[in-house]
Protein chains: 2
Amino acid sequence: MTQSSPPPGRIRNIAELARLAGVSAGTVSRALAGKTLVNKDTRERIQALAREHGFRPNQMARRLRVQETRVIGVVVPLGHEQRQHLSDPFFMAILGHLADALTENGYDIMLSRVIPDADDWLERIVDSGMLDGVLLIGQSNQYDAIEQVAKRYRPMVVWGSNRPGAAQCTVGVDNRLGGRLAGECLIARGCRNLAFLGEIDAIELNERFLGLCDAASAAGLPQPKPLHVHLASDVMAEEIAAHVAAFNGTIDGIAAGSDLIAMNTVRALADRGIVVPGDIAVTGFDDLPLAEQIIPRLTTISQHIAEGARAMVGALFERIAGEDAPSVVMRPELIRRDTA
Amino acid sequence: MTQSSPPPGRIRNIAELARLAGVSAGTVSRALAGKTLVNKDTRERIQALAREHGFRPNQMARRLRVQETRVIGVVVPLGHEQRQHLSDPFFMAILGHLADALTENGYDIMLSRVIPDADDWLERIVDSGMLDGVLLIGQSNQYDAIEQVAKRYRPMVVWGSNRPGAAQCTVGVDNRLGGRLAGECLIARGCRNLAFLGEIDAIELNERFLGLCDAASAAGLPQPKPLHVHLASDVMAEEIAAHVAAFNGTIDGIAAGSDLIAMNTVRALADRGIVVPGDIAVTGFDDLPLAEQIIPRLTTISQHIAEGARAMVGALFERIAGEDAPSVVMRPELIRRDTA
DNA sequence: ACCCCTACAACAATCGATTGCAGATTCTAT
DNA sequence: ATAGAATCTGCAATCGATTGTTGTAGGGGT
């Protein structure tokens, strides 16, 4: 608004500005950085000149020189499910919180949605020289590949499951416990025939399923049935509808692998006139904001996403500083609402 | 898996690899780039050596040199609503599609969530030297600031409204027409007292409201009431609940500014025992995937998000190539489902 | 008047890769 | 055997900023 005076001839680098100001490039650099090493008058004169010409130092050059990029890679590996979309609400919820925490600390975000075809996909990212650190959202089916890199590349934190003796620093909930909580909730309602809806190949969902089995056997119930559901949102709805159609009263409790799956399941059940939770009870997993905004409100297992995102960023900064942040395992929490 | 042989001493740059291979740095560079200028044997030998030592050229240096970064900035300006979160499902839906299109073309994504406090927020981004182009998601209340930059910086495309004579290249739907479609749908159902739920300061929502007014006056109905709703998801639900509580039967049709608002509205109405669409009809705006996964399925105005994202990326590439891609205005489309 | 110290600015090396140009080697043809 | 062409490879400049070191001018103390 107030500022105008279009730049006469555009200044492209520090050297040109230096010539214009009648000083050397080094002095301009220090002046723009606000260093006291350069005389207050010259400093302000140079800063004014830079402002007037709309000049800003090239960040690529600066970062190459200082060997610090202030960029964090946020990487979503889509190994088990290539068609899964970045718009998966869980990614987005956690990404939002990561973005908040990172931008507050002056870091930029490089977003990568990677399909791990070549086996050096993670190497390519961490060795690109473009990043000060990496946050991985989910382990997909790439646990070993991640482990390889974690052994030598420190500034990396992974959202996912923690296995004993792992080199990678993970943040996440105890998925197995979460699965058990869901199972116990369903069983307490009187459900006797449980099913699990989700993709068992992904390590996190697999553990949730195992937790559900724990709960079932503890109650002396038959082994829950795992029903496969792709994570790609376009086919998910049909798949779930097909599963639901095949129930025929054999199932009275469903633990969904995620809130998104739960939401689609409730939708599919309603389409067939099945009452939730009266006929079939349903639990979700994640506790997305969505879960309490829809009808009916989802009973679900909270992953404490906001807290987890903060923990990831905190751990990453410690590791960038050279310290050795440990993994974090959060306690999942049953949020009882309307579906179970 | 198969590859192992841990790198003996880590190679940090091309020069070290060159020494190891007994050639010059230039040759290594050409060899790794797969140029035929270097002998096939040496080329393969060097590539094998690089693979063995897990060496990858520093991208920062490369990009500085070739003056091309292969990074596109995706920027979300949060001017009118600083508390709005990146996890807004609309951002995320479009971001997902942008990410797909950009990664397919070999570009990386730098994600920025910007609160435009300093008036040079956009300059700082486009002049950083880190980006080959910029995609802006939403104009927020920064139309003029964007216009300023668009006059001199070509490779930028904006999701939002197109005003005649604008320098910025925009992609978006005709929001006013969309608003009118929503209004006409409600009126056709027999609604007589319309309300608009949304933040009128944002240019897009304002036009949707205007379109709703168009429909109302064309039908000889009173001016619809604009009811303010923050876009921050944590307060939105309460605000909407408060509006709904104040209706007392004075409103029978609601055009929501977005699907998210519509969803929360339906939820709030259900909580008060108000039947949708029987007592009050509701339309959304966006047509997120969500809209047909929830109960009840949302009647909404489609923004053709996927198509829009492709158009943005297409236009951006043309502009990067130096051509002069025009703005795109898409036709909004009424998607009739269960809420109106 | 002389010396020393401080404050400031210029010089030049550096970050790590790319690439135009020139020099060197090998090969072919005469 | 030798000119000439063809094919490689090395040298050095370049991208644009940062920063340790060196040099110089001015001021103050004796």
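Every chain is numbered from 1, with letters handed out A, B, ... down the list of sequences. Note that these values count all heavy atoms, side chains included, but never hydrogens, waters or copies made by symmetry.
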I want to confirm an ordering. Mapping B:Leu37 and B:Arg62 to their closest nucleotides on DNA chain C, which one lands closer to the 5' end? B:Arg62

Only residue of A:Leu98, A:Asp100, A:Ile72 satisfying side chain to side chain contact (heavy atoms under 4.5 Å, CB included) with A:Val313 is A:Leu98

Heavy-atom nearest pair, B:Glu204 first then B:Ser161, reads CG-OG, 3.9 Å

How close or far is atom P of D:dA17 from atom CE of B:Met130, stated in whole angstroms? 14 Å

The nucleotide from C:dA17, D:dG10, D:dG16 with an atom nearest the side chain of A:Arg65 is D:dG16

To the nearest angstrom, how far is B:Asp41 atom CG from D:dC8 atom P? 9 Å

In whole angstroms, the gap separating P of C:dG16 from CZ of B:Arg19 amounts to 12 Å

With a cut-off of less than 4.0 Å, is there a side-chain N or O of B:Thr27 near OP1 or OP2 of D:dG10? yes

In terms of side-chain heavy atoms of B:Ser24, which of D:dT18, D:dG10, D:dG16 is nearest? D:dG10

With a cut-off of less than 4.0 Å, is there a side-chain N or O of B:Gln67 near OP1 or OP2 of C:dT18? no

Tell me whether the OP1 or OP2 atom of C:dT19 has a side-chain N or O from B:Lys35 closer than 4.0 Å. yes

Measure the distance from CD on B:Glu68 to C1' on D:dG16 and round it to the nearest whole Å. 17 Å

Have a look at B:Leu64 and say if it touches a base, only the backbone sugar-phosphate, or nothing, with a 4.0 Å heavy-atom cut-off. base

Result for 5'-nearest mapping on DNA chain D, choosing between A:Leu32 and B:Gly26, is B:Gly26

Do any side-chain nitrogens or oxygens of B:Thr42 fall under 4.0 Å of OP1 or OP2 in D:dT9? yes

Checking all strands, does B:Arg30 fall into the base, sugar-phosphate, or nothing category for heavy-atom contacts under 4.0 angstrom? base

Of all the heavy-atom pairs spanning A:Thr170 and A:Gly160, show the shortest one and how long it is. CB-O, 4.1 Å

Under 4.0 Å, heavy atoms only, any strand: does B:Val23 hit a base, just the sugar-phosphate, or nothing? sugar-phosphate

A:Leu17 CG to D:dT18 P: how many Å, rounded? 12 Å

Run the salt-bridge test on A:Asp132 and A:Arg63 with the 4.0 Å N-O cut-off and return the result as yes or no. no

Just compare C:dA17, D:dA17, C:dT18 and give me whichever is closest to any side-chain atom of A:Pro57. D:dA17

Identify the heavy atoms of B:Met130 and A:Val71 that sit nearest to each other, and give their distance. CE-CG2, 4.5 Å

Distance, rounded to the nearest Å, where A:Met60 contributes CE and C:dA17 contributes C1': 13 Å

